[in-house]
Protein chains: 2
Amino acid sequence: MKNVVKVTVNDVAELAGVSPSTVSRVISNNPKISQETRDKVQKCMEELGYYPNAIARSLARSMTGTIGVIMPTRKEDLFLNPFFPEALRGIVKGASAEGYDLLLSTNTEKSGELTVIKNFIRGSKVDGIILMSSKVSDECVDYLRSVDFPFALIGSTFRFDEKINHVDNDNYMAAYELTRYLSMIGRKRIAMIGGDERLTVTQKRIEGYRKALTESNLPFEDSLLFTGKFDEETGYKYGSEIAKMMPRPDALIVTDDLIAFGAVKVFRLMNISIPEDIAVASFNNSVLSRYSDTPITSVDINATALGEGSVKVLVEAIKGVRGKKIIIPYTIYKRQSTEGKAP
Amino acid sequence: MKNVVKVTVNDVAELAGVSPSTVSRVISNNPKISQETRDKVQKCMEELGYYPNAIARSLARSMTGTIGVIMPTRKEDLFLNPFFPEALRGIVKGASAEGYDLLLSTNTEKSGELTVIKNFIRGSKVDGIILMSSKVSDECVDYLRSVDFPFALIGSTFRFDEKINHVDNDNYMAAYELTRYLSMIGRKRIAMIGGDERLTVTQKRIEGYRKALTESNLPFEDSLLFTGKFDEETGYKYGSEIAKMMPRPDALIVTDDLIAFGAVKVFRLMNISIPEDIAVASFNNSVLSRYSDTPITSVDINATALGEGSVKVLVEAIKGVRGKKIIIPYTIYKRQSTEGKAP
DNA sequence: CTGAAAGCGCTTACAG
DNA sequence: CTGAAAGCGCTTACAG
């Protein structure tokens, strides 16, 4: 790097005829410094083109002003739905507002999230950590809790929730409301395809679905509930099973648009009309659900707000607060797949 | 943070009965250290649970091991096509392989990219910078060049290309090939809707399109070329103009799937068949183009490889190399929108 | 309101 | 092959 001379507090101090301590205090806006001195020092900083070295500051203060973001490793998680980029955007927004930098996890498939977390913490690279995926194995949460390092979770765990700072939707209510809605419009046999059943989010949605069935006086049937992966294939596979059932379900709730897409595809192949023969409702409100030929009713979980909220609860965590939770409202977008031909 | 005692080189040194210098050399794998000493020190590090402080190391070495990533500010750029997350994934992959951490820009709408860049550089937070969007105003490139700070560009500028480390597709050839293909399948009037005409990528694609027309003995007509924004509306607007033209074009090349989507929508509304009446080909190979009811022929620019490549050329830049360029191959996925009913 | 001094935790010529 | 010493650039009790 040419054309750039390193200028330090000492250079500024010398030019201003004060001590480095004073320059430092001017930098950090210490109110004890007289206006006169402050002006003088500031003039000198400008004259020299001084800019504080963040690394040195971090070392001296044992605070980095940086938040570590642990992204999911698996490729699928990053692409198949818009959650990741939207949530990240929310995190960026939140971090900007709070004045934090963002350090991204660069974990390789094999090293794993925990390794990255340890590296961030023990290398003193960050002041706090955001776990973007509740899929993140519980060992990460365990570790973070064991060292009491500030962190925030997007999503929920079933364990420790009361002591963890996290941000989530009310997935129970969302599924409940969606199921009730399908019942309201006259659907009697409502099937469901969920994602990985070990995930908290899946479990909560199933709970909400069951509760709504009961309240609607519709029996819950094991044979109408499927769980699988977050992909088109899962939707295709269970969709075709559902299509062949006798009597056939007249509604289907799916926990991700891509799964829904697979189901819709197979229904169409089998000449089953949506929504006439079967209504379809989904989650995540992705491009697919909006732009699909039969636009699909979908729950928008507001990923950006989740991301932004995660920064807020993390900042609380950094301040020492534990157990802070933010619930982000969801929105159900009703579309043709449940509403009939009229939009 | 409880349960975590800070252990430093000095602690290790004391326990091992050596000097901190020696411990430091063991950490950095200095070959001059005897195997015996190395073993002893390593045993002590493990015993104490020692982990080097990255911040202190950065300060002492004036190298951070961190790459700054400048993301586009505008919301549209982050969502409307899969480029951003895919490229970011490539960057993550590349950075993992090269052993770098990633610092994300958290620029607010108003502060702008240049401010972030200056902050990264002058605060000594990063060893190099990746500009993710060639839309990044040239002032960033100018600044980075003026201070000769290592950086890499995803995309191209028209200026200085020979001195900048960057990674790009051959957009000229991609558009050329696509146009030739449409001509091969018998299309005679090929229209084009491009993105922002100030962008290098748009200009190169237009060049390729013109060249291919000429070589196919098809006249280039100004009235068949449109440029606008990367959104559905642009596609809808110019799509409807194209639909009304007499004689109507029998093929359309669009530089982004979302634009294509808008055009396809209006064609369908006007009962214009794809591909019978008009063939449609696009860029970016997004979910939309693949899953659309009429799957759209699209050029996959391989965003992940672009991201990964950008890390490679940046690492070269950090080593002092300038003017390194990597061309990432594209792939044309031919689909129903140009091929007829058969997939 | 300001300064001298010690410290944050590591690295690296220099000397032996 | 190893150590003593100075340094990276800032901050912060402590003292006045």
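All values below were derived from every heavy atom in this structure, side-chain atoms included, with hydrogens, water molecules and symmetry-related copies excluded. Just so we're clear, the structure is a prediction, and the values are computed from it rather than from any experiment. Chain letters run A, B, ... following the sequence lines, proteins first and then strands; every chain starts at 1.
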Enquirer: Just by distance, no angles: are the side chains of A/S21 and A/S24 close enough, under 3.5 Å, to form a donor-acceptor pair?
Expert: no
Enquirer: Just how far, in rounded Å, is P of D/dT2 from CD of B/Q35?
Expert: 11 Å
Enquirer: If every non-hydrogen atom of A/G65 is compared with every non-hydrogen atom of A/D127, which pair is closest and at what distance?
Expert: N-OD2, 2.8 Å
Enquirer: Less than 4.5 Å apart, side chain to side chain, heavy atoms only: is that true for A/V315 and A/Y100?
Expert: yes
Enquirer: Closer than 3.5 angstrom, by distance alone: can the side chain of B/N165 be matched with the main-chain N or O of B/L314 as a donor-acceptor pair?
Expert: no
Enquirer: Taking atom C1' in both D/dG16 and D/dT12, what distance in whole Å separates the two?
Expert: 16 Å
Enquirer: For DNA chain D, which residues in residues 20-29 of chain B have a heavy atom at a distance below 4.0 Å?
Expert: B/S21, B/T22, B/R25
Enquirer: Might you point out which heavy atoms bring A/S105 and B/V92 nearest each other, and give the distance in Å?
Expert: O-CG1, 3.9 Å
Enquirer: Across all strands shown, which nucleotide pairs with C/dG3 by Watson-Crick or G-U wobble geometry, both distances under 3.5 Å?
Expert: D/dC14
Enquirer: Over how many whole Å does the gap from A/E14 atom CD to C/dG3 atom P extend?
Expert: 14 Å
Enquirer: NZ of B/K125: more than 12 outside heavy atoms within 6.0 angstrom?
Expert: yes
Enquirer: For B/I55 and C/dG9, give me the distance from atom CD1 to atom C1', rounded to whole Å.
Expert: 11 Å
Enquirer: Please give, in whole Å, the distance from D/dC10 C1' to B/K125 NZ?
Expert: 14 Å
Enquirer: Using atom CG of A/N10 as one end and atom C1' of C/dA5 as the other, report the distance to the nearest whole Å.
Expert: 13 Å
Enquirer: Can you tell which of D/dC10, D/dT2, C/dG9 lies closest to the side chain of A/V9?
Expert: D/dC10
Enquirer: Do B/Q35 and B/D39 meet the criterion of a side-chain donor-acceptor pair at a distance under 3.5 Å?
Expert: yes
Enquirer: With rounding to the nearest 0.5 angstrom, report the CG to CE distance, A/L306 to A/M132.
Expert: 9.5 Å
Enquirer: Just wondering, more than 12 heavy atoms not from B/Q42 lying within 6.0 Å of its CD?
Expert: yes
Enquirer: Given that A/Y51 and B/T37 both sit by DNA chain D, which one's nearest nucleotide is further toward the 5' end?
Expert: B/T37
Enquirer: Taking only the side-chain nitrogens and oxygens of B/S19, find out if one of them lies under 4.0 Å from OP1 or OP2 of D/dG3.
Expert: yes
Enquirer: For nucleotides 6-8 of chain D, list the nitrogen or oxygen atoms of the protein found under 3.5 Å from its nitrogen or oxygen atoms, one pair per line.
Expert:
unit_1, atom_1, unit_2, atom_2, d
D/dC8, O2, B/A60, N, 3.4

Enquirer: Quick one: A/M63 CE to D/dC10 P, roughly how many Å, whole number?
Expert: 17 Å
Enquirer: Atom NZ of B/K40 and atom C1' of D/dC1: how far apart are they, to the nearest Å?
Expert: 12 Å
Enquirer: Send over the distance from B/Y50 OH to C/dC10 C1', rounded to a whole Å.
Expert: 7 Å
